2 protein chains.
Amino acid sequence: MTQSHDFLDRAPSLADTLAHKLRQEIAAGRMRPGERLPTEQQISERYGVSRPTVREAIGRLKHDGLVVTRQGAGAFIAEPGALAVFRLDVEDFTNRDEIRNIVELLMAVEATATELAAQRRGEEDLAAIQAQLDAMQAAIDRGEPGVDEDMAFHRAIVDATGNPFFRDLSDFLDRRVRHFIRTARANTARMGGLTQAVQAEHQAIFDMIAKADPAGARRAAETHLRNAAERLSLYFAK
Amino acid sequence: MTQSHDFLDRAPSLADTLAHKLRQEIAAGRMRPGERLPTEQQISERYGVSRPTVREAIGRLKHDGLVVTRQGAGAFIAEPGALAVFRLDVEDFTNRDEIRNIVELLMAVEATATELAAQRRGEEDLAAIQAQLDAMQAAIDRGEPGVDEDMAFHRAIVDATGNPFFRDLSDFLDRRVRHFIRTARANTARMGGLTQAVQAEHQAIFDMIAKADPAGARRAAETHLRNAAERLSLYFAK
DNA sequence: AATTTGCCACTTGTCAGGCAACTTGGTTAT
DNA sequence: ATAACCAAGTTGCCTGACAAGTGGCAAATT
């Protein structure tokens, strides 16, 4: 118990494995939308688990919108077009490809969000963004890396889009990437002196948003993100 | 609000409502990351439901990555940075704002995907895209609207990015929007003669991808998406 | 003969109780 | 003082049961 990597060593529960199997069967097209699943009793017998476990597994699918259940009638496979919930799970965040793909999506979302922010930001949005910019400068002056302020700055920008989907997705991806950096940084030497460069890029982004120049804002965000990705790549340079 | 809001407003199950309550308590910050939740027994007594129901509710949160459970120890609130699953649920797809926000996100993802596709598509990717383009032309020649072919065309493009996150997200958003159109179209007159215009825009996108011109591909995709959004806006022009 | 009504098997939703596996903190033995 | 051990507490999973809702079939009615 010297090093508890409590991430993947957790034994998969019976319900989880069963849910995974059922999900695969649905994805494999062995069951078509609108069709009824076997009864809980039948699944229970077929897979050798108890009914509560089956219920738990089906509950997950129901929660993800893959099936809908009607008491007394059964469980039915939902229409894929009516799917109302999207699930994005990052299984292995130590995987290099996985991180690269996430960063790529993050860049796409954040660059567009910056463009939209420049296009429709109100005065109060602009003030909020500037406040975070100043807060980051203050952190730098105090000699701190200012990761929280950095995040808050980007957060203020995506907030200015007024689109909650942008906000939530960007928030998730940002957290994910930063968490990866934080864990990877443990075995690397601390990199210093770059924060001022980051701040300069932030300033450029802010200026474009202030000027209400969407195309310029996108360009500024793209260079910032490209540079950030390059700095990031130092961590998994193999 | 996570329960299915489909045609019938069926009574939300006890587990669902309980899960929702717990989720709110966590979101309200009444419980902090790393903290332990009350035991299943305690929750059971406090909310007046049985332990299996509590288990089901906690199972939902566990599935969403909000809590992690350790047998013998208890259930703990997960670190938000370690969040490995992102959940995007579209609660009300008849809401105009909701649709607009979704379309906006779709445009961001698809435009960037098209840019990436132009940048890194292989010959086989290009062939697949062209095949879908031809299939759509064939559908038009047969006098069909070719919605499936249209979707397959875009699908082939996002596939060429090689990024599964782009593929999945784009797929979900695309399905969502098209489903909305399909349901809204019922009370509107069918609009005809535009499919050929769509096809021309598709052709422009394909040409840019074939030329391996990322910037051009993005521009072509953006105009196509902007036009598509304009056509779409006819549906909820109120 | 056609339609309505009532009934009954079946399925999901929920509950109660219980045992096994595991964790944790304190106690005991060395 | 250190290490092994034990016991209470907790989750994982099970059996068994009843309530609530659904669907089809047959009897009853028109």
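The structure displayed is predicted, hence computed values, not measured ones. Chain naming here is simple, since letters A, B, ... match the order of the sequence lines and numbering starts at 1 in each.
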For this session: Send over the distance from A/Q41 CD to D/dA17 C1', rounded to a whole Å.
Result: 13 Å

Exercise. Hey, is the side chain of B/R70 poking within less than 4.0 Å of OP1 or OP2 on C/dT24, counting only N and O atoms?
Worked result: yes

Exercise. Any side-chain N or O of A/R55 under 4.0 Å from OP1/OP2 of C/dG13?
Worked result: yes

For this session: Tell me yes or no: between the side chains of A/H154 and A/D150, is some donor less than 3.5 Å from an acceptor?
Result: yes

For this session: Return yes if the base of D/dG16 and the side-chain atoms of A/R51 contain a donor-acceptor N/O pair under 3.5 Å, otherwise no.
Result: no

Exercise. Taking B/R120 for the side chain and B/T161 for the main chain, is one N or O donor matched with an acceptor at less than 3.5 Å?
Worked result: yes

Problem set entry | Neighbour count >12 (heavy atoms, 6.0 Å) for atom CZ, B/R142 | yes

Problem set entry | side-chain N/O A/T53 vs D/dG12 OP1/OP2, d < 4.0 Å | no

Seminar exercise, completed: The nucleotide from D/dT22, C/dC15, C/dT12 with an atom nearest the side chain of A/Q71 is C/dT12

Exercise. Within the structure, does a side-chain N or O atom of B/T69 lie under 4.0 Å from either OP1 or OP2 of D/dT10?
Worked result: no

Seminar exercise, completed: Closest to the side chain of B/A73, out of C/dT23, D/dC14, C/dT14, is C/dT23

Problem set entry | Side-chain donor or acceptor of B/N101 paired with backbone N/O of A/N163 under 3.5 Å | no

